[in-house]
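Chain naming here is simple, since letters A, B, ... match the order of the sequence lines and numbering starts at 1 in each.
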Number of protein chains: 2
Amino acid sequence: MDTETIEKRKQFWTERLRENDYRLTAARCVVIEVLAASECAITPTEIYDLARQEYEKLGLVTVYRTLEKLEDLELVMRVHRPDNCHAFIAGFEGHQHLLLCRRCGRVAYFSGDNIDNLIQRVEKESGYKVHDHWLQLFGLCEECAKE
Amino acid sequence: MDTETIEKRKQFWTERLRENDYRLTAARCVVIEVLAASECAITPTEIYDLARQEYEKLGLVTVYRTLEKLEDLELVMRVHRPDNCHAFIAGFEGHQHLLLCRRCGRVAYFSGDNIDNLIQRVEKESGYKVHDHWLQLFGLCEECAKE
DNA sequence: GTGATTGCAAAGCGTTTGCACCGTA
DNA sequence: TACGGTGCAAACGCTTTGCAATCAC
């Protein structure tokens, strides 16, 4: 990812935190830095290990607490995969459908589905009232497919 | 769920186990019994508690090991939800799309989506090679929507 | 009889909580 | 200065592992 995009992401997150009366601490900044630079689903422990290269004092607990706050603000979202539901990704774009590389965890987004019709049909047939949906694709990204 | 359906499910599971050279033990039978009677996503601990009413000697570890085997045989599948990925459901029907009640965990299946076109488009645009997909709807079942 | 399966205890892992200290606003 | 935020240690809940006893075939 290019430096400009990373910088934009960091700024965006920083502003959202400030707006919501969260303090900008060294710990939070370094967690945000790691998240901003990541194109992949990343676990709290991975964030911890990477972030400590910049800020050795960081505690794993703080990573969890920062993720919790970012999740509340819908700035990150938890990623569910068949074998692992412990990772997070940057969630700037509102509701998006995910395309996940099952090898390296790289994340792409896509849209343009048209499942509203389907949802209406299923509601009618099942009697359920549908509030939310997940549409996720799993596979190999261009890099990983080469190997 | 009617008794006949439950009985059919149990028979189906029992045969699959036998075919695959798994022994039919008391522990396995009682776990299967609980699963067969459940219309909802159910956790290992819930299975354990229910099954022990029939077979007090049962250990939680055996529930886990039985689920592992049933999962290998694709007879149960793990259910992923935003807040909880610890539950399982009966998975007779091959690849199915899920409709989950977020209140009581009741599960319905639906099909008739047509996402092959979407997948082809996303593959072309992203460079990913897609192998699998999840399409899940979350909401309230008829019962829970009433309240 | 033999080897798969069981249950127990203990370890493992990811996550949360309690608490005294620290640092941002 | 005040109080939100931090890091440590310890607890927690779910899951897996090691092992001797058991039981289906």
Quick one: is [X] getting a side-chain N or O under 4.0 Å of the [N] phosphate, OP1 or OP2?
X	N	result
A:Thr43	C:dG14	no
A:Thr62	D:dG7	yes
B:Thr25	C:dT6	yes
B:Lys57	D:dC23	yes
A:Tyr64	C:dT16	no

Answer yes when [X] and [Y] have at least one side-chain N-carboxylate O distance shorter than 4.0 Å, and no when they do not.
X	Y	result
B:Lys10	B:Glu7	yes
A:Lys146	A:Glu142	no
A:Arg18	A:Glu15	no
B:Glu19	B:Arg16	yes
A:Glu147	A:Arg103	yes

What is the distance, rounded to the nearest whole Å, between atom [atom1] of [X] and atom [atom2] of [N]?
X	N	atom1	atom2	answer
A:Leu60	C:dT16	CG	P	10 Å
B:Leu67	C:dT6	CG	P	12 Å
B:Tyr55	D:dT22	OH	C1'	10 Å
B:Asp21	C:dT5	CG	C1'	14 Å
A:Arg18	C:dT24	CZ	P	13 Å
B:Arg23	C:dG3	CZ	P	10 Å
B:Leu17	C:dT5	CG	P	10 Å
A:Lys69	C:dT15	NZ	C1'	15 Å

Looking at C:dA25, D:dC14, D:dA9, which one has an atom nearest to any side-chain atom of A:Val61?
->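 The answer is D:dA9.
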Mapping B:Arg52 and B:Tyr22 onto DNA chain C by nearest heavy atom, which one lands closer to the 5' end?
->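 First, find each residue's nearest nucleotide; the 5'-ward one identifies B:Tyr22.
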Please figure out whether A:Leu58 or B:Pro44 has its closest DNA chain D nucleotide nearer the 5' end.
->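 The residue whose closest nucleotide sits nearer the 5' end is A:Leu58.
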Any N/O donor-acceptor pair, A:Arg65 side-chain to D:dG4 base, under 3.5 Å =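 There is none.
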What is the nucleic acid contact for B:Tyr48, judged by heavy atoms within less than 4.0 Å: base, sugar-phosphate only, or nothing?
->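 Result for B:Tyr48 = nothing.
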